[in-house]
Q: 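Okay, handing you the structure first.
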Amino acid sequence: MIRVLLVDDQPLIRSGFRALLDIEDDIEVVAEAANGGEGVELARRHLPDIALIDIQMPLVDGIEATRRIAADPALAEVHVVILTNYGLDEYVFNALRAGAAGFLVKDIEPEDFLHAVRVAARGDALLAPSITRKLIDRYVTQPLDTGPHPGLTDLTNRESEAVTLVARGLSNDEIADRMVISPLTAKTHVNRAMVKLHARDRAQLVVFAYESGLVVPHGS
């Protein structure tokens, strides 16, 4: 059973998502919250698999709620998925940097929404290659320079290569083709890099790769 926490300040939005989720045999909504602070407390109480969190809320917004969940070791298995009306805007980018596993636009089709919840529950990053490339474009236009991430020195050459390809927007299958390995081995390299870099998901690998200089915007 996939356990879901809904966090949105609009009751109608919460009701709509809950109605979709409640009819599924493998999904259970365990709690609802109207702001990020309450959402974090309910996450600690219920330990959901997925926290669907609206990005703009009063008191504690989605970015701060994501940051608090990502920073709490007891919530390491809680996958935050950001809900937004606007697509990949600055708020969403900051939420991904704070530790979100991905994001959904609120006008998503119901079947795509349910699929996304199941994908996130498996621990897979909810970022299609096209979205990853939008993140890359954000770095190309405004690269950030925060210095090397200490975990990069722990990566093997193959793991570094896999992270570089993730940061360029390639899927695991594309990484496997580029590295001439099986998709399972590609996924293993990516997962090991995530552990060493303490990255919660694929999105954070992209952030780490660009912020550390492992990948340079406009580089080949």
Side-chain angles (χ1 to χ4, degrees), residues 49-50 63 66-67 69-73 75-82 87-104 116 118-220:
D49 301 298
I50 302 295
I63 296 173
T66 299
R67 187 176 293 112
I69 289 174
D72 189 340
L75 301 179
E77 299 303 317
V78 178
H79 304 288
V80 175
V81 176
I82 291 294
L88 192 69
D89 59 10
E90 187 71 17
Y91 291 105
V92 172
F93 181 83
N94 289 335
L96 291 172
R97 294 186 72 239
F103 74 92
L104 295 174
R118 294 184 174 101
V119 167
R122 292 198 303 265
D124 294 335
L126 195 59
L127 286 175
S130 61
I131 301 303
T132 305
R133 291 185 180 110
K134 288 183 180 179
L135 282 173
I136 293 170
D137 289 342
R138 168 64 170 78
Y139 272 106
V140 167
T141 56
Q142 289 183 308
L144 301 177
D145 182 13
T146 59
H149 188 282
L152 288 177
T153 58
D154 296 331
L155 299 182
T156 66
N157 290 337
R158 297 296 267 174
E159 289 164 357
S160 293
E161 184 178 359
V163 172
T164 299
L165 295 174
V166 168
R168 298 204 185 285
L170 275 64
S171 66
N172 283 344
D173 286 345
E174 292 169 330
I175 291 171
D177 289 341
R178 185 73 63 87
M179 296 178 65
V180 195
I181 55 179
S182 71
L184 179 59
T185 301
K187 184 176 182 179
T188 298
H189 287 321
V190 172
N191 288 345
R192 286 177 177 169
M194 287 173 61
V195 170
K196 291 180 179 180
L197 295 172
H198 304 290
R200 289 173 65 93
D201 51 62
R202 201 177 187 94
Q204 284 202 310
L205 281 186
V206 177
V207 172
F208 288 148
Y210 279 89
E211 288 187 341
S212 67
L214 182 63
V215 176
V216 179
H218 297 299
S220 58

Q: Work out which heavy atom in Gly99 is nearest to a heavy atom in Ala70; give both atom names and the distance.
A: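 It is CA-CB, 4.2 Å.
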Q: Kindly compute the distance separating CE (Met179) from OG1 (Thr164), expressed to the nearest 0.5 Å.
A: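 Nearest 0.5 Å value for the CE-OG1 distance: 9.5 Å.
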Q: If I take atom NZ from residue Lys187 and atom CE from residue Met194, how far apart are they, to the nearest 0.5 angstrom?
A: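 The CE atom of Met194 is 10.0 Å from NZ of Lys187, to the nearest 0.5 Å.
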Q: Testing the basics here: between Thr66 and Ala100, what is the closest heavy-atom pair and its distance to 0.1 Å?
A: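 Nearest heavy atoms, Thr66 then Ala100: CG2-N, 3.4 Å.
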Q: Which atom names give the shortest non-hydrogen contact between Leu104 and Ala116, and what distance separates them?
A: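 Leu104 and Ala116 have their closest heavy atoms at CD2-CB, 3.6 Å.
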Q: Are the side chains of Ile175 and His189 in contact, using a 4.5 Å heavy-atom criterion?
A: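 Result no, sub-4.5 Å side-chain heavy-atom pair not found.
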Q: I need the Ile82 CD1 to Ile63 CD1 distance, nearest 0.5 Å.
A: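 Atom-to-atom, Ile82:CD1 and Ile63:CD1 are 7.5 Å apart.
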Q: Under 3.5 Å, is there a donor-acceptor pair linking the side chains of Thr188 and Thr185?
A: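 On atom types as modelled, these side chains do not qualify, holding no pair under 3.5 Å.
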Q: Using side-chain contact (heavy atoms from CB on, under 4.5 Å), reason through Val166 and Val190 one step at a time and then give a plain yes or no.
A: CA-CA 8 Å; Val166 168; Val190 172; 3.8 Å; yes
Q: Does Arg158, at its CZ atom, have more than 12 non-hydrogen atoms belonging to other residues, nucleotides or ligands within less than 6.0 Å?
A: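 Counting neighbours around CZ of Arg158, more than 12 heavy atoms of other residues, nucleotides or ligands fall under 6.0 Å, so yes.
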Q: Are Asp49 and Glu77 close enough that some pair of their side-chain heavy atoms sits under 4.5 Å apart?
A: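 When only atoms from C-beta onward are counted, Glu77 and Asp49 do not touch, as no gap falls below 4.5 Å.
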Q: Looking at Val163, Asn191, Leu155, which one forms a side-chain contact (heavy atoms from CB on, under 4.5 Å) with Lys196?
A: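 Option passing the side-chain contact (heavy atoms from CB on, under 4.5 Å) with Lys196: Leu155.
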Q: Would you mind reporting whether Glu174 and Leu165 have side-chain heavy atoms less than 4.5 Å apart?
A: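 They are not in contact (no side-chain heavy atoms under 4.5 Å apart), so the answer is no.
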